[in-house]
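The figures here come from the full heavy-atom set of this structure, side chains too, leaving out hydrogens, waters and symmetry mates. Atoms within a ligand are numbered from 1 in the order they appear, just like the ligands themselves.
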Amino acid sequence: MEKILSQLYNPDEFREKGHLLVDQLAEMLQKSLKKDIPVNIYHHPEDRYDEWQEIFNTGDIDIFYKRLISDSIHLHHPAYMGHQISPPAPLAALSGLLCDLINNGMGVYEMGGPSTALEKIVTEYICREVGFEAGDGFLTSGGTLANLTALLTARNKIQDLDIWKKGTGNARLAIMVSEQAHYCVDRAVRIMGLGDQGIIKIPVNKNYEADVSLLKEKFNQATSQGIQIFAIVGSACTTSTGSFDDLVAFANFAAEKKIWFHVDGAHGGAAIFSDKYRYLLEGLNLADSVIIDCHKMMMAPALATAVLYRDGHNSYATFYQKAQYLFEREEEEWYNLAKRTFECTKFMMSVKFATVLMLYGKKGIDAFVTTLFDITRELAGKIENRLAFELAHYPSANILCYRMIDREKTLEEVNLINKNIRKKVLEEGKYYIVQTNLRDTVYLRNTMMNPFTSSADLDDFLNYLESIYLAIKNRNY
Ligand SMILES: *Cc1c(COP(=O)(O)O)cnc(C)c1O
């Protein structure tokens with residue numbers, strides 16, 4: 001045996017380093033929650049590259065771990081208000097460590113018995129909450145791939161075409177979706193080869209929800225040009241503003257036109273667990289398919305997305321291809337997951353989310369989602385009371401867009417001020433927020449992801465923004 005190989009797989013070293021690492025991580029968690037470390041340290045990408053080349057060159061695992069922990073963005077910090085990813089439940093992260101060492105491959109049942117069983121348990125759990133009584137589903141690698149998978153199912157289910165065997169031929173296929181939908185829906189359409197004409201965008205109302213009074217008109221317009229619409233996609237909620245489309249109206253429309261109804265609930269689908277806010281998802285149980293990210297609003301470490309079908313049989317309708325060396329039979333075998341997923345090898349995706357569900361259940365997710373939605377409403381109230389600020393919309397979810405205004409300046413100038421504010425916030429690293437454009441206007445954007453962000457934190461944050469704003473106005477930088 002080569003010496004390097006026995007070093008590589010040394011159990012004693014694993015034990016020793018593992019104890020040290022867990023101690024360091026627990027300390028990071030504690031310091032993040034108490035705001036004793038910065039939420040983020042921003043360095044220019046080229047500088048980062050040089051630093052990490054140096055660290056890499058040391059070949060020292062202790063330095064490597066220490067710097068990864070200190071230099072990464074800290075999602076458990078109450079000043080983290082940026083992109084939509086959970087501060088993960090610590091015990092779910094420990095399950096992640098377990099999965100990484102066990103490393104079951106998941107494509108076929110024998111290569112991941114327990115985690116395959118857990119995948120059925122967690123998807124059935126969410127199906128029950130959604131109201132899919134005969135539902136079934138699986139987990140896949142993120143909302144982007146999940147939406148593509150569900151839309152491929154929808155396309156394969158078009159009655160008079162056999163797309164799997166014959167391709168799309170002369171058919172001009174399209175879906176309908178809000179103009180505020182996540183970019184991955186547009187991307188999915190193009191990956192499916194449907195091009196520009198394959199996506200019919202529904203304009204939004206002032207709350208950035210799809211304007212359902214335009215559904216018929218948009219449908220008829222496309223149909224009269226020979227385009228065949230096979231699906232409508234609801235956003236629940238949208239990414240930019242956290243707006244929920246009217247799912248009941250979408251469902252009725254889909255039923256009337258006999259088209260597939262898919263819901264992108266990557267972010268907001270988790271509100272199904274909130275007694276207070278599940279009303280936002282009324283009509284979700286009428287969808288043909290829905291996707292929900294476990295790593296956004298359900299405290300699981302990245303990455304796992306539930307793809308759920310109201311009629312569970314449809315979960316087998318995406319990939320008709322035969323792979324004889326893997327599957328002996330072409331039946332609906334729930335336990336051979338690669339029959340239904342893009343992935344062949346897949347990490348033990350169910351385990352981290354199952355940890356959250358097993359330990360904290362519906363109550364835990366309810367507390368998480370409800371707290372975040374509440375905090376965001378509180379932030380909106382505080383912003384409304386400040387003269388230098390303007391809200392883009394009232395929040396439905398935990399996403400809020402707003403900007404700092406100056407009535408004497410042009411839109412372009414105010415856009416530049418808000419961009420500079422966001423840049424300064426990023427570089428100083430005291431808070432982490434992002435920005436977005438809604439039509440021509442630049443907005444600051446918060447996703448309240450941390451239930452430990454307090455009312456006092458929100459006041460401090462808004463004071464901080466005002467101080468940056470004043471400095472910019474006085475041209476201090
Ligand atoms: C985040 C998001 C996605 C993409 O999900 P990933 O897991 O990041 O791939 C899709 N749709 C919506 C509405 C989202 O918020």
Enumerate the atoms of ligand 1 whose separation from the nearest heavy atom of A266 is less than 4.0 angstrom.
2 (C), 3 (C), 10 (C), 11 (N), 12 (C), 14 (C)
To the closest 0.5 Å, what do you measure between OG1 (T149) and CZ (R340)?
12.0 Å
For H267, the ligand 1 atoms whose distance to one of its heavy atoms is below 4.0 Å:
15 (O)
Which of the numbered atoms in ligand 1 are under 4.0 angstrom from any heavy atom belonging to Q84?
15 (O)
Roughly how far, to the nearest 0.5 Å, is CD1 of I383 from CG of L465?
8.0 Å
Atoms in ligand 1 flagged as close to G142, the criterion being non-hydrogen separation under 4.0 Å
7 (O), 9 (O)
For atom 10 (C) of ligand 1, what's the nearest protein heavy-atom neighbour? Residue, atom name and distance, please.
H182 CG, 3.4 Å
Ionic contact status for K346 with E119, cut-off 4.0 Å:
yes
Check: C294 and T305 side chains under 4.5 Å, non-hydrogen atoms:
no
Is there a heavy atom of C237 sitting under 4.0 angstrom from any atom of ligand 1?
yes
Under a 4.0 angstrom heavy-atom cut-off, which atoms of ligand 1 come close to D293?
5 (O), 6 (P), 7 (O)
I need the nearest protein heavy-atom contact for atom 6 (P) of ligand 1: residue, atom name and distance, please.
G143 N, 3.3 Å
Checking R445 against T436: is there a side-chain donor and acceptor pair closer than 3.5 Å?
no
Test item, C184 contacting ligand 1 (heavy atom, 4.0 angstrom):
yes
Could you tell me the residue and atom name of the protein heavy atom closest to atom 11 (N) of ligand 1, and the distance to it rounded to 0.1 Å?
D264 OD2, 2.6 Å
Donor on one side chain, acceptor on other, Y277 and D374, under 3.5 Å:
yes
Quick one about H393 and T241 (side-chain donor to acceptor, distance below 3.5 Å, no hydrogens or angles considered), yes or no?
no
D211 side chain to V204 backbone, donor-acceptor under 3.5 Å
no
Flag, side chain of Y316 to backbone of F319, donor-acceptor distance under 3.5 Å
no
When distances are taken from atom 8 (O) of ligand 1, the protein heavy atom at minimum range is K296 NZ, 3.9 Å
Which segment of T144 sits under 4.0 Å of ligand 1 when only heavy atoms are counted
both
Which ligand 1 atoms are under 4.0 Å away from a heavy-atom of H295?
7 (O)
